[in-house]
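Notes follow the structure.
From a predicted model like this one, the values you see are computed outputs, not experimental measurements. For ligands, and for the atoms within them, numbers begin at 1 and follow the listed sequence. Just the heavy atoms: all of them, side chains too, but no hydrogens, waters or symmetry mates, feed the values below. Residues: numbered from 1 along the sequence shown.
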Amino acid sequence: GACCSYRLRDALHPLWQSPLTIPGGTRQSPINIQWRDSVYDPFLKPLKISYDPTTCLHIWNNGYSFLVEFDDSADRSIIVGGPLENQYRLKQFHFHWGAINEWGSEHTVDSKFYPAELHLVHWNAVVYPTFEEAVMEGNGLAVIGVFLKLGAHHEGLQTLVDALPAVKHKDTVIEFDVFDPSCLIPSCPDYWTYAGSLTTPPLTESVTWIIKKKPIEVDENQLEAFRMLLFTSDGEEEKRMVDNFRPLQPLMNRTVRSSFQ
Ligand SMILES: COc1ccc(/C(C)=C/C(=O)O)cc1
Ligand SMILES: [Zn+2]
């Protein structure tokens with residue numbers, strides 16, 4: 001008789017019970033950045049970062065990471081230049097990290113994981129009226145990725161680390177009203193850039209990624225502070241917030257460009 005066709009279920013990721021791969025996705029993130037395959041683009045501009053520390057609002061444990069959110073009702077904290085055609089407004093930043101220092105970043109460089117990765121999420125308020133709409137558009141978002149490596153104590157990060165016990169549980173928030181995220185971005189101007197996606201649901205293919213070549217250094221206590229956060233709400237059985245990174249996605253028909261030779 002007619003053989004029945006089996007539809008393989010999309011592999012589900014334990015963290016968010018959503019498919020690991022977006023059906024038909026051609027520009028998913030994160031990816032491995034093979035340094036020797038990246039192409040130097042002399043037309044790439046320097047990235048210009050202008051943040052107003054007083055736009056900082058609060059820190060929120062959303063059950064997947066901790067987000068530091070900003071007032072994006074005006075062009076007060078913006079980035080422009082680099083691969084971008086418009087200026088983009090800072091909305092929030094967050095991190096991804098591992099249970100141990102051997103892994104934790106989302107992107108890898110020549111298949112090497114860093115213990116953590118910072119994402120500064122910006123949206124194109126020149127073209128789109130709201131963040132939610134920009135999330136759905138190919139040129140809607142720009143995310144700066146910064147690798148964290150184990151090393152010296154990071155003074156600027158410590159003010160953030162000191163606030164984390166107050167957002168230990170999912171859905172807790174603490175006011176955090178002056179912070180300049182540019183202290184978390186290496187002064188070295190070198191970056192890679194490629195067209196990709198969000199790495200948590202809705203996983204939309206709306207991100208111009210700008211991945212800084214140089215990592216920042218943080219110490220063991222600071223990484224451990226991330227690992228004492230919880231995925232779970234107060235009163236639930238405690239699950240440590242660790243390994244909140246998405247698996248690597250296929251490069252498909254994409255080129256990673258570098259701003260440096
Ligand atoms: C509209 O809902 C959204 C949820 C998450 C995100 C981000 C910014 C995800 C990520 O960082 O991968 C955007 C919109
Ligand atoms: Zn992220």
Which residue owns the protein heavy atom closest to [atom], what's the atom, and how far is it?
atom                   : result
atom 3 (C) of ligand 1 : P202 CD, 3.8 Å
atom 9 (C) of ligand 1 : T200 OG1, 3.1 Å
atom 1 (C) of ligand 1 : E132 CG, 4.5 Å
atom 7 (C) of ligand 1 : L198 CD2, 3.7 Å

Exercise for the section: Look at the side chain of D110 and the backbone N and O of K112, then say whether any donor-acceptor pair between them is shorter than 3.5 Å. Expected result: no
Handout entry: Option with minimal heavy-atom separation from atom 11 (O) of ligand 1, where the choices are E133, H94, H122, M136
Key = H94
Problem - Within-shell test, P201 vs ligand 1, heavy atom, strictly < 4.0 Å - result: yes
Exercise for the section: Before signing off on this row, confirm whether Q92 and ligand 1 have an N or O atom pair separated by under 3.5 Å. Expected result: no
Handout entry: Within-cut-off N or O pair, T199 and ligand 1, under 3.5 Å
Key = yes
Problem - Atom of H94 closest to the Zn ion (ligand 2), considering N, O or S atoms - result: NE2
Problem - For the Zn ion (ligand 2): the N/O/S atom of H119 at shortest distance - result: ND1
Practice task
Mind checking whether K91 contacts ligand 1 via backbone (N, CA, C, O), side chain (CB onward), both or neither, at a 4.0 Å heavy-atom cut-off?
Solution key: neither
Exercise for the section: Please indicate whether K149 has more than 12 foreign heavy atoms, meaning atoms of other residues, nucleotides or ligands, lying under 6.0 Å from its NZ. Expected result: no
Handout entry: Lys/Arg N to Asp/Glu carboxylate O, E220 vs R227, below 4.0 Å
Key = yes
Practice task
Would you mind checking if K91 and D72 are paired as a salt bridge, meaning a charged N to carboxylate O distance below 4.0 Å?
Solution key: yes
Exercise for the section: With the side chain counted from C-beta on, respond yes when W35 and K213 share a heavy-atom pair under 4.5 Å apart, and no when they do not. Expected result: yes
Exercise for the section: For a ring-ring contact (aromatic ring centres under 6.0 Å, His included) with H107, tell me which candidate from W209, F147, Y114, W192 qualifies. Expected result: W209
Exercise for the section: Sequence neighbours left out, what passes side chain to side chain donor-acceptor pair (under 3.5 Å) with T130? Give chain and number order. Expected result: E133
Problem - Plane angle bin for F226 and F95 - parallel if under 30°, tilted between 30 and 60°, otherwise perpendicular - result: tilted
